[in-house]
Amino acid sequence: MNSQRVVISGGRVIDPAQGVDRLADVLMERGRVVEVTPSPLSKFPEGYRILDATGLVVCPGFIDLHTHLRDPGEEHKETIASGTRAAARGGFTTICAMPNTEPAMDTGETVLDVLRRSQSASARVLPIGAVTVGRRGRSLAPMEELAEAGCIGFSDDGDPVSDDGLMQQALERAGGLGLPIINHAETRSMVRGAVMNQGPVATRLGLQGVSRDAESKMIARDVYLARKTGARLHAPHLSARESVEHVGRAKDDGLDVTAEVTPHHLTLTDTWVYGLHGKVPEPGQRAVYDTNTRVNPPLRSEADRMAVVEALRDGVIDVIATDHAPHASADKACRYEDAANGINNLETAFGSLCSLVQDGLISLPLLVERLTAAPARVLRRELGSLRRGWPADLTLLDPNAEWVVDPLHFASLSRNTPLAGVRLRGRVAATLLNGRIVHDVRRELKSPQACRALS
Ligand SMILES: [Zn+2]
């Protein structure tokens, strides 16, 4: 339906970049937005196919600045095809692919290969290039070549750029290209075999805990170097109160620093490690763990969670990014110490984030802003808004639809979520990429009554 004229009618249109929050119709043609009407039309212009969005929220497609696609190299965990299908189901129309693939995306050729293979995918893929050759942290990757090939930033995510001098050079080179460095913030010498957050849960489970300082110290260094170079720094997956403070001060001082937070750091704490959906086992009851909660940075305390929620609300943290990190069952069916880091996030992100709205911690329009306009600002691309002539990337939301997370039904090839069996309120009803329907919940539920999505 790419070339067709389509109108999405009767929905509550939330487009934070344009300050729109009203009942309206969205007209599209040839994959581009034509108009968001001032109010719902009483009569549709001729030649338009009508999609009924009554009762739904219509917003720009979500943008994920932090996705691990595992392709090339670990296609049993995720491929470009499966990962972008998962994105579409989660309402994401643009995802930024981290370069910790095999081989790493550290040459123009590997980047162009990913772009070529994602051309007909269910979401737009924007690659992130490696900072260093092979992500080994020793010498800089050919950053100009990577930028030329289409990279939107640089990261060795999964591993930090530990060497101070190299990080400074990386910022200078990336700064010259107008692109951010996204440095996995972890001071490795402070981690020393730790596998979860330091605190009472780690003590009770007999697991090695890591202090928040391992993250905050690296953020402090990166902010220092961003100040020195004037270059762009994007801090990924903030989880700790002190990290938020460093970013807040950098912003107050006018540095070009942005930050993101994941759905799990916004909604879960380290008590989830017990595998009881956040409940703490009774004293005397045997405590066990769920390896699906192992993630880096780790799930933190309630105080840290509230610090990142507040920072997201106040704009100190700009963006929600999923850090979608699919892993095979074998990588999680083991001791906590041996489990791979990462949570499968794309398909549950919106549903779990809606709990913040239901708890009165953030408004729905602001949540949408942090998933659309805010990441688009970091990308500096014409995305994340329903402006005339921009790509018709739209997500239709049913904020009140309840559903139970069943990883067996994921489009992702991996199932590693601590949310299995959790009831969520808030669901993505449909997703359009360049005006084309890439997800429609009705087709998957096979029950037209289950959701008032497209007709
Ligand atoms: Zn990371």
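Order of listing sets the numbers, starting from 1, for every ligand and every atom in it.
Between H184 and H237, the ring planes are perpendicular. Angles over 60° get that label, and only those under 30° would be called parallel. Using cut-offs of 30° and 60° for the angle between ring planes, the F62 and F350 rings count as tilted.
One finds the OG1 atom of T107 at 10.0 Å from the CE atom of M105 (value rounded to the nearest 0.5 Å). Within the model, atoms CG of D290 and CG of L419 stand 9.5 Å from one another, a figure rounded to the nearest 0.5 Å. To the nearest 0.5 angstrom, T291 atom OG1 is 11.0 Å from N341 atom CG.
Around the Zn ion (ligand 1), protein N, O or S atoms at less than 2.8 Å number 3.
Residues forming a salt bridge (charged side-chain N to carboxylate O under 4.0 Å, His left out) with R116 (at least two apart in sequence, or on another chain): D113.
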